[in-house]
K.L.:
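Take this structure, written in structure tokens, and hold onto it; I'll ask about it next.
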Amino acid sequence: MVVADVEKMYRQFLRSLDDTPLQCILWTAPDGKVVAYELLTVTYGTKSASYLATRAFQQLANYERKQFPLAALTIEEDVYMDDVISGADNVEAAIELRRQIDTMMISGGLKLRKWASNCPDVLKGIPTENLALPDSNGIDWDQDAEVKTLGSTWLPNVDCFRFKFTIPPLTPFQILTKRQLLAFIARLFDPLGLLGATITAAKIFMQRLWCLKNEQGNNLQWDGML
């Protein structure tokens, strides 16, 4: 498995000059004069930003498909926002995949950083500043060294995922409500579905709360004390 992050993804893509007047910001100069600037690149926070950046990746893959077939397929199927998450069946194929991805991205004016892999040989030749984890003479004994990608925590040295979930303590005068409990359950972020059984049990518990009634025999409200 090999993962990487596209550095400053949105800033690498220019917008059409017909659209830049719609991306204006006001700047107050030191002399108090207000100046209007047009943002020339894809701007984070706009509704079209994610699509434009992803579409640019797809076009780069189309341009370079003959020269970098492995990288083109990875860009089309294994890139999520600015995260590259891919892999190969053996070390040699993974090294070639990593080389193609890196070279193809450079051809498009992009730079990949935060490289990580569960096989150290795949990362040979990558500058230390572009690695997600520190490299100490090719050996990293820290089994708890982690990489976060797509909201999940991955430990490359032992090739497993770690999930962290903390329930904040209640103050002596704070009451527990259905609203708070649902917020706790929503913190269980699991895009791969590895915690499906646990999350399902929590949701079943939440479902049973709807059967609870207060002293007057009415169903508990969202902010009613459990």
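Values reported hereafter were calculated over all heavy atoms of this structure, with side chains retained and with hydrogens, waters and symmetry mates removed. Heads up: numbering here begins at 1 and tracks the sequence.
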K.L.:
Decide yes or no for R15 and L52: does some side-chain heavy atom of the first lie under 4.5 Å from some side-chain heavy atom of the second?
P.N.:
yes
K.L.:
Quick one: pull up CG in L22 and CG in L39 and give me the separation to the nearest 0.5 Å.
P.N.:
11.0 Å
K.L.:
Find out if a path of hydrophobic residues (ILVMFWY) with successive side-chain heavy-atom gaps under 4.5 Å connects F205 to I185.
P.N.:
yes
K.L.:
Side chains of D82 and F57: does their closest heavy-atom pair fall under 4.5 Å?
P.N.:
no
K.L.:
Quick check on the hydrophobic clustering: are L195 and F161 connected, directly or via other members, by side-chain heavy-atom contacts under 4.5 Å?
P.N.:
yes
K.L.:
May I ask you to check whether over 12 heavy atoms, not counting those of Y51, lie within 6.0 Å of atom OH?
P.N.:
no
K.L.:
So, do K203 and T200 sit near enough that their side-chain heavy atoms are less than 4.5 Å apart?
P.N.:
no
K.L.:
Could you tell me whether the side chain of L60 reaches within less than 4.5 Å of the side chain of M105, counting heavy atoms only?
P.N.:
yes
K.L.:
When hydrophobic residues are tied together by side-chain contacts of less than 4.5 Å, even through go-betweens, does I25 share a cluster with W27?
P.N.:
yes
K.L.:
What heavy-atom pair brings M9 and A53 nearest, and what distance separates the two atoms?
P.N.:
CE-CB, 3.9 Å
K.L.:
Should I75 and F68 count as side-chain neighbours, where that means a heavy-atom distance under 4.5 Å?
P.N.:
no
K.L.:
For L17 and P21, which heavy atoms make the closest approach, and how far apart are they?
P.N.:
O-CD, 3.4 Å
K.L.:
Other residues, nucleotides and ligands only: do more than 12 of their heavy atoms fall within 6.0 Å of CZ on R11?
P.N.:
no
K.L.:
Starting at CE of M1, measure out to CH2 of W154 and round the result to the nearest 0.5 Å.
P.N.:
5.0 Å
K.L.:
Side-chain heavy atoms under 4.5 angstrom apart, residues restricted to Ile, Leu, Val, Met, Phe, Trp, Tyr: same cluster for L70 and L73?
P.N.:
no
K.L.:
How many angstroms lie between atom CD of E7 and atom CG of L112, to the nearest 0.5 angstrom?
P.N.:
9.5 Å
K.L.:
Atom OG1 in T43, atom CG in D19: separation rounded to 0.5 Å?
P.N.:
11.0 Å
K.L.:
Give a yes or no on whether F163 atom CZ has more than 12 heavy-atom contacts from other residues, nucleotides or ligands under 6.0 Å away.
P.N.:
yes
K.L.:
Verify the cluster assignment for I204 and M206: are they in a single hydrophobic cluster under the rule of side-chain heavy atoms below 4.5 Å apart?
P.N.:
no
K.L.:
Hey, does the side chain of R98 reach the backbone of V2 with a donor-acceptor pair shorter than 3.5 angstrom?
P.N.:
no
K.L.:
Test V79 against every option in V84, I85, I101 by the side chain to side chain contact (heavy atoms under 4.5 Å, CB included) rule and name the one that passes.
P.N.:
V84
K.L.:
Let me know which of T153, D159, N157 forms a side chain to side chain contact (heavy atoms under 4.5 Å, CB included) with L155.
P.N.:
T153
K.L.:
Any salt bridge between D102 and R99, counting N to O under 4.0 Å?
P.N.:
no
K.L.:
Can you name the nearest heavy-atom pair linking L133 to P156, along with the distance?
P.N.:
CD1-CG, 3.9 Å
K.L.:
What's the spacing between D78 CG and D83 CG if we round to 0.5 Å?
P.N.:
12.0 Å
K.L.:
If you count heavy atoms of other groups shown closer than 6.0 angstrom to CG of D89, is the number above 12?
P.N.:
no
K.L.:
Can you tell me if K178 uses its side chain to pair, donor with acceptor, with the backbone of L209 under 3.5 Å?
P.N.:
no
K.L.:
Are W210 and N219 packed together at the side-chain level, in the sense that at least one heavy-atom pair is separated by less than 4.5 angstrom?
P.N.:
no
K.L.:
What closest approach, in Å, do A94 and A88 show between heavy atoms, and which atom pair accounts for it?
P.N.:
N-CB, 3.5 Å
K.L.:
Kindly check if the number of other-residue, nucleotide or ligand heavy atoms within 6.0 Å of NZ (K213) is above 12?
P.N.:
yes
K.L.:
Using 4.0 Å as the upper bound for N to carboxylate O, is an ion pair formed by E76 and R65?
P.N.:
yes
K.L.:
Measure the shortest side-chain to side-chain distance between N130 and K111 over non-hydrogen atoms and say whether it is less than 4.5 angstrom.
P.N.:
yes
K.L.:
Calculate, to the nearest 0.5 Å, the distance between atoms CD1 and CG belonging to I199 and L194 respectively.
P.N.:
9.5 Å
K.L.:
I'd like to know if the side chain of Q67 reaches the main chain of E64, judged simply by a donor and an acceptor atom lying under 3.5 Å from each other, with no hydrogens or angles considered.
P.N.:
no
K.L.:
Which atoms form the tightest heavy-atom contact between A116 and V147, and what is the distance?
P.N.:
CB-CG2, 3.9 Å
K.L.:
Decide yes or no for E96 and Q100: does some side-chain heavy atom of the first lie under 4.5 Å from some side-chain heavy atom of the second?
P.N.:
yes
